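So the structure is just underneath, and the comments pick up after that.
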Amino acid sequence: MITKFQKRVYELCKKVPKGRVTTYKAIAKKMGTKAYRAVGNALNKNPFGILNCSGKNAVPCHRVVAINGKLHGFARGLRKKAELLKKEGIKIKNNKIEDFDKVLFELR
DNA sequence: GCTTTGACTCTCG
DNA sequence: TCGAGAGCCAAAG
């Protein structure tokens, strides 16, 4: 079941280019809401699959991180996501983004 | 329709 | 610097 809210979240996630990341807050703000948790909740229940971010119809949810550039919690695939991010050119240090300021992509 | 939960964030100690 | 508590919104039970 994909609600409009979730769909919007996914759309925004897709806008994040490769090698860049965004935050839950940025997404929520772009939607004109403060539902940071709801954003994460939407991704949590995402129909594309937690690690199915490689598909064309999938959402690069691994590019969405916490406000402080840390991967915070995510799911069991956290480790893999970190690796994936690293592969995209994002440096990850102890589940945290090193050059967060540089890779941070502000939604437009 | 109310209560619980959650991949969050902020503030206080 | 780290940990705990509160606030926030949407979806699921």
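Since this is a predicted model, take the numbers as computed values, not measurements.
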DNA chain B-proximal residues of residues 17-31 of chain A, any heavy atom under 4.0 Å: Tyr24(A), Lys25(A)
Neighbours of DNA chain B within residues 97-108 of chain A, by heavy-atom distance under 4.0 Å: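 Within residues 97-108 of chain A, no residue comes under 4.0 Å of DNA chain B.
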Residues that [X] engages under side chain to side chain contact (heavy atoms under 4.5 Å, CB included), provided they are two or more places apart:
X         : answer
Lys102(A) : Asp99(A)
Glu83(A)  : Arg79(A), Lys86(A)
Thr3(A)   : Met1(A), Phe5(A), Gln6(A)
Lys18(A)  : Arg63(A), Glu88(A)

Joint hydrophobic cluster, Val39(A) plus Leu104(A), side-chain heavy atoms closer than 4.5 Å: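 Looking at the clustering, Leu104(A) is in the same group as Val39(A).
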Cluster check Phe100(A), Phe105(A): I/L/V/M/F/W/Y, side chain < 4.5 angstrom: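 Phe100(A) and Phe105(A): one cluster.
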Lys14(A) vs Val59(A), side chain to side chain contact (heavy atoms under 4.5 Å, CB included): CA-CA, chis, key distance, verdict: CA-CA 6 Å; Lys14(A) 287 181 183 176; Val59(A) 179; 4.1 Å; yes
Can you pull every protein N or O that's under 3.5 Å from an N or O on nucleotides 11-13 of chain B?
none

Would you give me the side-chain donor-acceptor pairs under 3.5 Å for residues 90-98 of chain A, sequence neighbours excluded?
none

Name every donor-acceptor pair, under 3.5 Å, that has one atom in a side chain of residues 30-37 of chain A and the other anywhere in the protein, sequence neighbours excluded.
{"residue": "Thr33(A)", "atom": "OG1", "partner": "Ala35(A)", "partner atom": "N", "Å": "3.2"}

Pairwise distance NZ(Lys15(A)) to CZ(Arg108(A)) - rounded to 0.5 angstrom: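 If I round to the nearest 0.5 Å, the distance is 10.5 Å.
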Atom pair NZ/CD1 of Lys25(A) and Ile67(A) - distance to nearest 0.5 Å: 5.5 Å
Beyond-backbone contact of Val16(A) with Leu107(A), side-chain heavy atoms, under 4.5 angstrom: yes
Residue met sooner reading DNA chain B from 5', once Asn68(A) and Val39(A) are mapped to nucleotides: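 Counting from the 5' end, the first nearest nucleotide belongs to Val39(A).
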Sub-3.5 Å pairs of nitrogen or oxygen atoms, protein against nucleotides 6-13 of chain C:
{"residue": "dG7(C)", "atom": "O6", "partner": "Arg37(A)", "partner atom": "NH1", "Å": "3.2"}
{"residue": "dA11(C)", "atom": "OP1", "partner": "Thr3(A)", "partner atom": "OG1", "Å": "2.6"}

